[in-house]
Every structure is written in structure tokens, then in C-alpha cells.
2 protein chains.
Amino acid sequence: MSASSAPGPEAFRPHDHRTCRGRALSAARALCAERRLRLTPARAFVLETLLGSHRAMTAYEILDALSAAGLGNQPPVVYRALDFLVANGFAHRIERLAAFTACSHAGTAHNAGFLVCRSCRRVAETPLPRPAAELVEAAEVAGFVIERTAVEAEGVCARCREAAT
Amino acid sequence: MSASSAPGPEAFRPHDHRTCRGRALSAARALCAERRLRLTPARAFVLETLLGSHRAMTAYEILDALSAAGLGNQPPVVYRALDFLVANGFAHRIERLAAFTACSHAGTAHNAGFLVCRSCRRVAETPLPRPAAELVEAAEVAGFVIERTAVEAEGVCARCREAAT
DNA sequence: GCGGGAATGTTACAAAGTAACAGATGTCAG
DNA sequence: CTGACATCTGTTACTTTGTAACATTCCCGC
């Protein structure tokens, strides 16, 4: 039983964020150790920064944070860290926003779908068991091999909708 | 009965492209007349250009074509035409590529899914009846209102896979 | 302690997208 | 027909996003 009883994905309801971030961070450290991946200071900092909110952040927002922390101030620094995090499943790129968000299910192989609030840019992730049947079928018929699928639903979250009233 | 008997979406098989483009273009003209929309020369040219191939084209590729045709050579020209075409369902933005493609089902309201070949950038569109059930459910639980959903499967088409052999 | 692969620092760009405003043009009421 | 209003176009200048390329430093196994 969780402390908060509100329904829905964590991103869109109040929750103990310190716990949520801490858990994700130690999971990432454990996974990196297991897979012989190097979660270097810059990479860890970027991951922490992303975990610091459930908003999608642009590469340059993250770069500002890195820069403030004295960990580098040129674009390649962020993009390299993000490449690493995305490649290893610790973060996702939200194509629609050209922005990035921490993965809420790191380690478990998964196809993910995203609810993206166009007002506050908060992002919730939902595991999707498989791509839409229609798409899979079209791919099979055409001999197209699907490697990864991005599913992004754009809309307005409950909080922003109420705020707009 | 179609001239070509190969299976799958048109984009990934040989077909009479002149017919395919002509059909789409007159459908667009008819729709614009019906809805009192102005398919101005620049807009028509951009649509034709997109219809000219089944590849996703970047805004700047299209701008080069516009420019060669003497229809404008500044970015806003393309982006305005693309905004119009996308807003009215004649084209889609492929988020993954930051590129654009003509819609193969213009006029009919539809949620679409895309097969995007990462090698040749050809794009096939498949109508999707509805967003994934898991996503819809997560949205409902969270009070999130979905406005539009982008589904993009990245992979390799049959032709490119064979070519790579 | 050293050799090789991985990670970082840095410069300099390329590519993608937009804000803002002036001018032209289409269209509809009177 | 004519003005008034909305829409579309032209243009300048700029912001944001992302990379190529190369030198340097770090880490780990031997």
C-alpha cells in the first residue's frame, strides 16, 4: 500500500519524489555494475537531473544544469550522456518535444508509450506489451522489420486542465 | 483490382506513381473546395512535392524545391505551407525524423501509424482505429485528455534489407 | 607502468524552427 | 463597385537543436 492513494501514473499525481528518485538512481547504479557500464559523474548527473522532475527536459536545459555543476558546458557533453542513457534504457527521447525524460522502468525490456502534457510538459510512461496489431500486420505484409516503436499521446493532464478553468 | 499484385502498403512496393500522386492531388483539391480552404500555389507545390515520393522530406529539402520553382526561399514559406497541410490532414510530421510526408488517407479522419525505414526514409502509413488500450486506460485513470497520438515504428524495409545483403 | 579502448574537452558548424512586421490579395457586405 | 477585414505572402533576423572532428585524459587489464 502506497502513501498516496491517488490513482494513475506517478508523474501525474503527488508522490514522495525523493523516494521515487532515489529508487530509480540506485536501480540504475546496480544495473550498470551488473552490465559493466560506466555511470560516470556526467552521466549520473544527467540521469539525476532528469529524475529530478517528471517533466521532459531539453538537452540545453540539462546543459545549463551541468554547467552550473561545473561538469561541462558544451553541447556534446549533454548529448553524449543522453546517448548513453537512451541507448541503455535509462532515459527516453520524447520525439514530439525534442526533449528527454528518465525511464520509469529501466532494466526491464519494454516498449513504452507516453502521455505528454503539452501545457506543463510532464510525461508519464506506460509499458505497452506490443505495437498495435494493425502496424505489425502491415509490417509483416510489406516485409518491413520493426526495430523500435515510439508511441506518444499528446494532450492535457488533469492538473493543467483544472488550472485552465 | 490493381495493376501491381505485390502485397503491402504502396510506399514499399512498385506502383504506378503518377496515378497515385494524381489521385491524391485531385482529392486534396476537391476537399479544399468543399471546405473553403485555399490550396494556394505554394501549398499545392509543397503537397505535390511530398506526393512526389513516399520518402519523408525535411522542411529544408522542400524549401530547396520551392526555391528552384521560384515560389519563395525563406524558411517561413515552407513552414507555413506545412502547417496548413498538417493542420488539415493532407500531410503528417514524422517526429522521429523531424520530416514530413503526404497523407495517404486525406479527408478521412484517422489516427495513423507509420512504418519508417531508417535506411531510405520511405514512410508507409497505416490507419489505426484507436490508440493502444493500455495508453487510453492510463490516460483515463490519470484524468489525462488525449488529443492526438503519434505512432512511429522505426525499422528497415524489405528493399533496404535485401540491398544490405 | 603501460597499452588500448572508452570517456571527456573544445572548436566550430549544420540543421531545424520561429517571431515579428510590412505588404499584397481574396472575399464579402453593403 | 468598393471599402473593410481576414488571410496569405515576403523578408529580416534570430533561437533552438544537434554534430563532426580532433586532441586529451582516464581507466582497466595485463
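Note on naming: letters A, B, ... go to the chains in the order of the sequence lines (proteins, then strands), and numbering restarts at 1 for each one. Scope of the values below: all heavy atoms of this structure, side chains included, with no hydrogens, waters or symmetry mates. Because the structure is a prediction, the values reported are computed rather than measured.
Glu134(A) meets the salt bridge (Lys or Arg N to Asp or Glu O under 4.0 Å) test with no other residue; sequence neighbours excluded.
Between Asn111(A) and Arg130(A) the shortest side-chain heavy-atom distance does not fall below 4.5 Å. Using a 4.5 Å heavy-atom threshold, the side chains of Met57(B) and Leu50(B) count as touching.
Going from atom CG of Leu85(B) over to atom C1' of dC8(D) covers 14 Å, rounded to whole Å. Separating the OH atom of Tyr79(A) from the P atom of dT19(D) is a distance of 7 Å, rounded to the nearest angstrom. Distance, Arg38(B) CZ to dC28(C) P: 10 Å, rounded to whole Å. One atom, CZ of Phe100(B), and another, P of dA15(C), lie 16 Å apart when rounded to the nearest Å. Rounded to whole Å, atom C1' of dG17(C) lies 17 Å from atom CE of Met57(B). In this entry the distance linking CG of Leu82(B) with C1' of dA16(C) reads 12 Å, nearest Å. Regarding Phe45(B), its CZ atom lies at a distance of 14 Å from the P atom of dT9(D), rounded to whole Å. In this structure, CG of Leu37(B) is placed 15 Å from C1' of dA6(D), rounded to the nearest angstrom.
Atoms CG and CG, on Leu135(B) and Leu115(A) in that order, are 5.0 Å from each other to the nearest 0.5 Å. Between Arg21(B) atom CZ and Ser26(B) atom OG the span is 11.5 Å, to the nearest 0.5 Å.
Near DNA chain D, meaning a heavy atom under 4.0 Å from it, residues 61-77 of chain A has Pro75(A), Pro76(A) in order of number. Residues from residues 48-56 of chain B with heavy atoms under 4.0 angstrom of DNA chain D: there are none.
Considering only the side chain of Ala98(A), dG18(D) comes nearest among dA6(C), dT8(C), dG18(D). Checked against dT17(D), dG17(C), dA7(C), the side chain of Ala59(B) finds its nearest nucleotide in dG17(C).
Where the helix from dG1(C)-dC30(D) to dG30(C)-dC1(D) starts and where it ends, the local axes point in directions that differ by 30°; five pairs per end, rounded to 10°.
Dashed line: the shortest gap from a side-chain N or O of Thr58(B) to OP1 or OP2 of dA15(C) is not under 4.0 Å. Within the structure, a side-chain polar atom (N or O) of Arg43(B) is placed less than 4.0 Å from OP1 or OP2 of dC8(D).
Residue ring and nucleobase are not stacked for Tyr60(A) and dT16(D) under a centre distance beneath 5.5 angstrom and an angle between planes beneath 30°.
Between Ala81(A) and Ala42(A) the shortest heavy-atom distance is CB-O, 4.4 Å. Considering every non-hydrogen atom in both Val123(B) and Ala56(B), the closest pair reads CG2-CB, 3.8 Å. Closest of all the heavy-atom pairs between Phe84(A) and Cys32(A) is CZ-SG, 4.4 Å. Considering all non-hydrogen atoms of both residues, Arg161(A) and Val145(B) come closest at NE-CG2, 3.3 Å.
By the neighbour-count criterion of 12 heavy atoms within 6.0 Å, atom CZ of Arg159(A) is sparsely surrounded, having that number or fewer from other residues, nucleotides or ligands.
Comparing Phe84(A) and Arg36(B), the nucleotide of DNA chain C nearest to each residue sits closer to the 5' end for Phe84(A).
A donor N or O paired with an acceptor N or O is found under 3.5 Å between the base of dG9(C) and the side-chain atoms of Arg80(A).
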Pairs under 3.5 angstrom only: tabulate donor-acceptor contacts from the side chains of residues 93-103 of chain A to other protein residues two or more places apart or in another chain.
from	atom 1	to	atom 2	distance (Å)
Arg93(A)	NH1	Glu95(A)	OE1	2.4
Glu95(A)	OE2	Arg96(B)	NH1	3.0
Arg96(A)	NE	Glu154(A)	OE1	2.8
Arg96(A)	NH1	Glu95(B)	OE2	3.1
Arg96(A)	NH2	Glu154(A)	OE1	3.4

Scan the side chains in residues 59-80 of chain B for donor-acceptor partners under 3.5 Å anywhere in the protein, sequence neighbours excluded, and list what turns up.
from	atom 1	to	atom 2	distance (Å)
Glu61(B)	OE1	Thr58(B)	N	3.0

